[in-house]
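Fair warning: this is a prediction, and the values are worked out from it, not measured in the lab. Computed from heavy atoms alone, side chains included, the values below leave out hydrogens, waters and symmetry copies.
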Amino acid sequence: MKKALISGITGQDGSFLAEFLLQKGYEVHGILRRSSSFNTGRIEHLYFDEWVRDMKQKRTINLHYGDMTDSSSLIRIIQSVQPDEIYNLAAQSHVKVSFDVPEYTAETDAVGTLRMLEAVRILGMEKKTRIYQASTSELFGKVQEVPQSETTPFYPRSPYGVAKQYGFWITKNYRESYGMFAVNGILFNHESERRGETFVTRKITLAAARIAQGLQDKLYLGNLDARRDWGYAKDYIECMWLILQHDTPEDFVIATGEMHTVREFATLAFREAGITLRWEEQGVNEKGIDTQTGKVLVEVDPKYFRPAEVEQLLGDPTKARTLLGWNPKQTSFEELVRIMVEHDMKFVKKLYLRSKEL
C-alpha cells in the first residue's frame, strides 16, 4: 500500500485529494495545524467514519500535528510516516490577505516549501519520496503573454505570488541539485462547494443563495472586470496525482484554457438561484439589478480592490492534456457554478433552520 502525506489536508484541495487517494488504495496521512477550535470540517467524513470506529480497523487517514513554519515537526512527521508521495498544499492562500500578512505568507509559502524539501533531503529520502508542490497562476500576475504556459515569464503582483515564486524555484532547484522527484503544478483558479467563504467565487454563490432566500440584502464586490481561468477543484486533484505518476519529474500548468469575468460568475450564480441580473453604469458605480424587482443586489466596494491588480489569467493546459492524458474541461464553467450554488442553497437553508431551533 502506497503512503501519501498531505500538508494542507484540511483545505479544499487537501480534502478532495484525501478522498481521491483513499479510492486509489493509499494510506493517507495529513499535517494538521494546532488550533483551539476544530478546523477539520472538510475531512471529518473521512476521519470520523462510523465503520472505522465500529470495526476498530486501522485508520486509513491519519492526522499529525505540525506546521510549515516549524522544520522540526516536518522532519518528525516525514520520518515517522515514510511517505512515497508528499503533496505540499499548505499555504496562506488568500491573495488579498497576503498584503496584510506578507511576512507570514513568506514564512509558510516560500520558506515552508524549502523546509519540506530539506526535511526529505536530511532524512535521506530523496530517491524514495516524490514531492508535489502546489504552485499558482498568481506567478504570472502582470501577464507577459496570453495564454500562460510552462514557459511564460513570471511577474507576480502580490506577496502571495512572490512567495509562491520562491516555492516554485526552490522545488526546481532541489530537483536539479539532488535528483529529487520534486515537481510544480501551476494551478489556475479552481473552485468548489468546499472553497473558503472569503474567496470571491464562494462569496458570490453564498450571497446569491442568501439573497434568494431573503436572508441578505446585497453583495459587495471588487473588480468586476477581473478575468480568471476557473476550473473545478475535484478535476484538478486528479491532475496533481497524474503529475506524480509521470515517468519524469516535470512542471505542468493545470487550467481549463477558458476565461470569464467576475461579473459573468455573479450573473450565472444569481441565475442559478432564480434571479436575473441587469448591469448598469461603470467602474465603482456599477450595479447588478434584479430585473424582476428593480432592487440593487450587487454593488462595487473599492475596499476589495488589490493594491496591485491582476487583470487576467488564462492557462494553456496543452502539456497536461497531451503528456498526462488529463481532461481540463471535465466540468464546464456553467456546471461548476451550478454545483456551488446548488450546494449553497441547501447550506444556507440548513443554517437558517438551525438558527430557528436555537
Side-chain angles (χ1 to χ4, degrees), residues 6-8 11-14 17 31 33 67-69 74 86-118 131-145 147-176 180 182-191 195-196 198-200 226 228-231 233 236-237 239-240 243-244 249-255 306-317 320:
I6 305 170
S7 69
Q12 168 190 252
D13 294 1
L17 181 61
I31 298 176
R33 216 170 13 148
D67 200 289
M68 297 305 291
T69 63
L74 298 180
I86 292 176
Y87 295 85
N88 186 31
L89 311 183
Q92 190 301 100
S93 60
H94 200 288
V95 178
K96 180 77 166 63
V97 171
S98 76
F99 286 96
D100 300 323
V101 288
E103 190 178 333
Y104 176 71
T105 302
E107 277 291 339
T108 51
D109 301 11
V111 187
T113 305
L114 170 64
R115 291 186 186 104
M116 185 72 84
L117 292 161
E118 187 64 359
I131 303 166
Y132 171 87
Q133 164 64 10
S135 205
T136 170
S137 58
E138 290 289 331
L139 294 177
F140 300 117
K142 191 175 181 180
V143 298
Q144 303 299 293
E145 63 181 17
Q148 295 88 55
S149 71
E150 292 79 6
T151 56
T152 302
F154 298 146
Y155 196 142
R157 298 268 283 172
S158 64
Y160 170 75
V162 173
K164 280 291 191 175
Q165 181 163 354
Y166 178 92
F168 177 93
W169 283 113
I170 200 66
T171 299
K172 203 175 177 81
N173 182 257
Y174 267 60
R175 178 169 80 220
E176 294 172 355
M180 295 169 72
V183 295
N184 291 285
I186 306 173
L187 274 76
F188 278 65
N189 293 63
H190 49 293
E191 315 301 321
R195 187 49 129 166
T198 58
F199 286 82
V200 69
R228 293 292 183 270
D229 184 330
W230 277 303
Y236 284 32
I237 293 311
C239 197
M240 290 181 188
I243 291 171
L244 279 197
E250 296 180 49
D251 304 322
F252 289 85
V253 160
I254 307 178
R306 297 181 190 176
E309 186 57 74
V310 173
E311 296 296 341
Q312 61 166 352
L313 292 170
L314 176 65
D316 179 0

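Partners of Tyr236 according to the ring pair (Phe, Tyr, Trp, His ring centres under 6.0 Å) rule, which considers only residues two or more places apart in sequence or in another chain, are His190, Trp326. Contacts of Thr151 classified as side-chain hydrogen bond (donor to acceptor under 3.5 Å, both in side chains), with partners at least two apart in sequence or in another chain: Ser149. Residues passing the salt bridge (Lys or Arg N to Asp or Glu O under 4.0 Å) test with Arg195 are Glu191, sequence neighbours excluded. Take Phe140 and apply the ring pair (Phe, Tyr, Trp, His ring centres under 6.0 Å) test, not counting sequence neighbours, and it matches Phe154, Phe188. Residues passing the side-chain hydrogen bond (donor to acceptor under 3.5 Å, both in side chains) test with Arg157: none are found, sequence neighbours excluded. Asn88 pairs by the side-chain hydrogen bond (donor to acceptor under 3.5 Å, both in side chains) definition with Ser7, Gln133, not counting sequence neighbours. Considering only residues two or more places apart in sequence or on other chains, Val101 meets the side chain to side chain contact (heavy atoms under 4.5 Å, CB included) condition with Gln92, Val97, Tyr104, Thr105. Residues satisfying the salt bridge (Lys or Arg N to Asp or Glu O under 4.0 Å) test with Glu118, not counting sequence neighbours, are Arg121. Listed by chain and residue number, nothing satisfies the salt bridge (Lys or Arg N to Asp or Glu O under 4.0 Å) test with Glu145 (two or more places apart in sequence, or in another chain). In this structure Ala106 satisfies the side chain to side chain contact (heavy atoms under 4.5 Å, CB included) test with no other residue, sequence neighbours excluded.
Within the 3.5 Å criterion, the main-chain N or O of Lys142 finds a donor-acceptor partner in the side chain of Gln144. Remark: side-chain polar atoms of Asp67 are paired, donor with acceptor, to backbone N or O of Thr69 under 3.5 angstrom. At least one donor-acceptor pair under 3.5 Å links the side chain of Gln148 to the backbone N or O of Leu314.
In summary, Glu107 and Arg115 engage in a salt bridge, as defined by a charged side-chain N under 4.0 Å from a carboxylate O.
The CD1 atom of Ile86 sits 5.5 Å away from atom CE of Met116, with the distance rounded to the nearest 0.5 Å. One finds the CE atom of Met240 at 5.0 Å from the CG atom of Leu89 (value rounded to the nearest 0.5 Å). Expressed to the nearest 0.5 Å, how far OH of Tyr87 lies from CD1 of Ile131 amounts to 12.0 Å.
Counting heavy atoms from C-beta on, the side chains of Thr152 and Val143 never come closer than 4.5 Å. Counting only heavy atoms from C-beta outward, the side chains of Ile31 and Leu74 approach each other to under 4.5 Å.
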Kindly indicate, with the supporting measurements, whether the criterion side-chain contact (heavy atoms from CB on, under 4.5 Å) is fulfilled by Thr136 and Tyr160.
CA-CA 9 Å; Thr136 170; Tyr160 170 75; 3.7 Å; yes

Chi angles and distances behind the side-chain contact (heavy atoms from CB on, under 4.5 Å) call for Val310, Arg228
CA-CA 9 Å; Val310 173; Arg228 293 292 183 270; 3.6 Å; yes

Just do the side-chain contact (heavy atoms from CB on, under 4.5 Å) check on Asp229 and Asn189 with the steps written out, would you?
CA-CA 6 Å; Asp229 184 330; Asn189 293 63; 5.9 Å; no

Which pairs of donor and acceptor atoms, one on a side chain in residues 166-173, lie under 3.5 Å apart (sequence neighbours left out)?
from   : atom 1 : to     : atom 2 : distance (Å)
Thr171 : OG1    : Gly167 : O      : 2.7
Lys172 : NZ     : Asp251 : OD2    : 3.4

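Listed by first then second residue, pairs satisfying side-chain hydrogen bond (donor to acceptor under 3.5 Å, both in side chains) with a partner in residues 93-102 number zero, not counting sequence neighbours.
Minimum heavy-atom separation, Leu117 to Ala182: CD2-CB, 4.1 Å. Residues Gly8 and Ala90 come closest through the heavy atom pair N-CB, 3.7 Å. The heavy-atom pair separating Val162 from Pro156 by the smallest distance is N-CB, 3.6 Å. Across all non-hydrogen atoms, the minimal contact from Ser158 to Glu138 is OG-OE1, 4.3 Å.
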